[in-house]
Amino acid sequence: MEMKIYTISLENYHGDTYEEHYLQMENALARFIELRDEGKTHSEFRSSKTCFSFFDPNYNEYSTRIILDNSALRDLFMDEMVK
């Protein structure tokens with residue numbers, strides 16, 4: 001069985017990215033929904049199933065675009081991707 005990792009990427013308008021990593025999909029999805037619900041209160045809110053964005057320069061340094069993604073754990077390592 002291949003191990004999956006779930007990542008929430010928080011990208012700001014300066015080009016910085018902060019990532020949160022989860023082993024359980026349920027935990028990643030709960031956190032994503034929590035962030036999305038909070039983001040709904042900010043201006044220019046846009047949302048899809050795995051991504052949302054909003055604008056609020058006073059929110060925090062990671063306030064522009066938030067993405068939920070999953071990949072196999074081995075996909076994180078360059079030597080595994082070459083095979």
Side-chain angles (χ1 to χ4, degrees):
M1 182 175 160
E2 187 169 68
M3 186 172 183
K4 290 277 192 180
I5 188 167
Y6 301 87
T7 303
I8 297 176
S9 298
L10 300 95
E11 303 172 353
N12 72 12
Y13 57 93
H14 294 295
D16 298 324
T17 300
Y18 171 78
E19 292 184 341
E20 298 178 1
H21 302 282
Y22 298 86
L23 293 173
Q24 303 295 321
M25 183 210 38
E26 296 82 11
N27 295 339
L29 188 56
R31 175 68 170 143
F32 181 78
I33 290 169
E34 175 187 358
L35 291 168
R36 186 190 64 201
D37 289 348
E38 185 178 319
K40 287 180 182 179
T41 64
H42 300 287
S43 66
E44 300 179 29
F45 179 80
R46 307 266 188 278
S47 179
S48 70
K49 188 175 180 178
T50 60
C51 178
F52 67 91
S53 62
F54 57 85
F55 180 74
D56 184 347
N58 300 315
Y59 175 68
N60 69 28
E61 61 183 327
Y62 304 111
S63 64
T64 301
R65 187 169 181 243
I66 301 175
I67 303 163
L68 174 63
D69 189 22
N70 71 1
S71 60
L73 184 57
R74 67 185 171 96
D75 294 342
L76 296 176
F77 302 97
M78 293 304 294
D79 54 347
E80 288 294 322
M81 295 174 67
V82 175
K83 294 180 181 179

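With values rounded to the nearest 0.5 angstrom, Ser53 atom OG is found 8.5 Å from Glu44 atom CD. For the atom pair CD1 of Ile67 and OG of Ser9, the computed distance is 5.5 Å after rounding to the nearest 0.5 Å. Distance check: His21 NE2 to Ile5 CD1 gives 5.5 Å after rounding to the nearest 0.5 Å.
At a threshold of 4.5 Å between non-hydrogen side-chain atoms, the residues Phe52 and Leu35 count as touching. Between Lys49 and Leu68 the shortest side-chain heavy-atom distance does not fall below 4.5 Å. Annotation: side chain of Glu11 is not in contact with side chain of Ile66 (no heavy-atom distance under 4.5 Å). When side chains are defined from C-beta on, Arg31 counts as touching Ile8, because their heavy atoms get closer than 4.5 Å. Residues Met25 and Tyr6 are in side-chain contact: their nearest non-hydrogen atoms beyond the backbone lie under 4.5 Å apart. Looking at heavy atoms from C-beta onward, Leu10 lies out of side-chain contact with Arg65 at the 4.5 angstrom threshold. Residues Ile33 and Arg36 meet the side-chain proximity criterion, which asks for heavy atoms closer than 4.5 Å.
Closest approach of His42 to Glu38, counting heavy atoms only: CD2-O, 3.5 Å. Between Thr50 and Phe32 the shortest heavy-atom distance is C-CZ, 3.6 Å.
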Verdict with reasoning, Gln24 to Leu29, per side-chain contact (heavy atoms from CB on, under 4.5 Å):
CA-CA 9 Å; Gln24 303 295 321; Leu29 188 56; over 6 Å; no

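If you look at Phe45 and Phe55, their ring centroids are not closer than 6.0 Å.
Of the N and O atoms on the side chains of Glu20 and Tyr18, not one donor lies less than 3.5 Å from an acceptor on the other residue.
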